[in-house]
Amino acid sequence: MPIIAWEDAPSRPRANDPDGFFKPFVNKETGAARLQMHVSCVGAGKRAHPPHKHAEEEIIYVLDGRGIVQLDDERTEVEPNAAVFIPSWVFHGIESAGDGPLRYMVILEPKREESG
């Protein structure tokens, strides 16, 4: 049973964001066939990437900070201990909306081949 400690997960900094990083914990490399999990952090006013959509279902769980989640045309503020479920092919994104960094966990399926 793989247990991945915070200090054992690789950490990749985000370009142009001194507070930003990406830490993959669970994926094919750790033996997972149907799930992936990582922790992301973005600095105040930043986002990891532009809003997008994909076939895979996704969950975003806010750990620290405040954010704005976009689901299609709706934008909603989220705070720590909130989970956001993102169905397949829903246009989505998250950005930091507070004075400090936004740290959140993402759980999603590995890439699948579907059209949408």
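Numbering of residues begins at 1 and proceeds along the displayed sequence.
- Minimum heavy-atom separation, G65 to P80: O-CD, 3.1 Å.
- Hydrophobic clustering (side-chain heavy atoms under 4.5 Å, transitive across Ile, Leu, Val, Met, Phe, Trp, Tyr) keeps V39 apart from V84.
- Note that NZ of K23 and OG of S40 are 11.5 Å apart. Values are rounded to the nearest 0.5 Å.
- Residues in residues 96-107 take part in these side-chain hydrogen bond (donor to acceptor under 3.5 Å, both in side chains) pairs, two or more places apart or across chains: D64-R103.
- Proximity of Q70 to H92: side-chain heavy atoms (C-beta onward) are nowhere separated by under 4.5 Å.
- When atom types are taken as modelled, the side chain of D17 and the backbone of D19 share a donor-acceptor pair closer than 3.5 angstrom.
- What you find for K53 and W89 is that their closest heavy atoms are CD-O, 3.7 Å.
- Hydrophobic clustering, with ILVMFWY side chains joined whenever heavy atoms are under 4.5 angstrom apart, keeps F85 apart from V69.
- Across L108, L71, I94, a single residue satisfies side-chain contact (heavy atoms from CB on, under 4.5 Å) together with I86, and that is L71.
- I60 and M37 fall into different hydrophobic clusters, where Ile, Leu, Val, Met, Phe, Trp and Tyr side chains are chained together by heavy-atom contacts under 4.5 Å.
- Follow the hydrophobic side-chain contacts under 4.5 Å out from L63 and you reach F21 in the same cluster.
- Taking CG of N27 as the start and CG of L35 as the end, the distance is 11.0 Å to the nearest 0.5 Å.
- Judged by distance alone, with hydrogens and angles left aside, the side-chain atoms of E109 form no donor-acceptor pair with the main-chain N or O of E56 at under 3.5 Å.
- Atom CZ of R47 and atom CD1 of I68 lie 10.0 Å apart (nearest 0.5 Å).
- Taking CD1 of I107 as the reference point, atom CD of Q36 lies at 11.5 Å (rounded to 0.5 Å).
- Under a hydrophobic-cluster definition in which Ile, Leu, Val, Met, Phe, Trp and Tyr are linked whenever side-chain heavy atoms come within less than 4.5 Å, directly or via other members, L102 and Y61 are assigned to different clusters.
- The aromatic rings of H38 and F22 sit tilted, their planes meeting at an angle between 30° and 60°.
- Here the side chain of E7 pairs no donor or acceptor atom with the backbone of A9 at under 3.5 angstrom.
- Relative orientation of the W6 and F25 rings is tilted, given thresholds of 30° and 60° on the angle between their planes.
- In this structure, R14 and A48 approach most closely via the heavy-atom pair CZ-CB, 3.5 Å.
- Listed for the K46 side chain is a donor-acceptor partner under 3.5 Å among the backbone atoms of N16.
- For the pair P24 and R12, the tightest heavy-atom approach, listed with the atom from each and the gap, is CG-NH2, 3.4 Å.
- Across all their heavy atoms, K28 and P110 have their closest contact at CE-CB, 4.4 Å.
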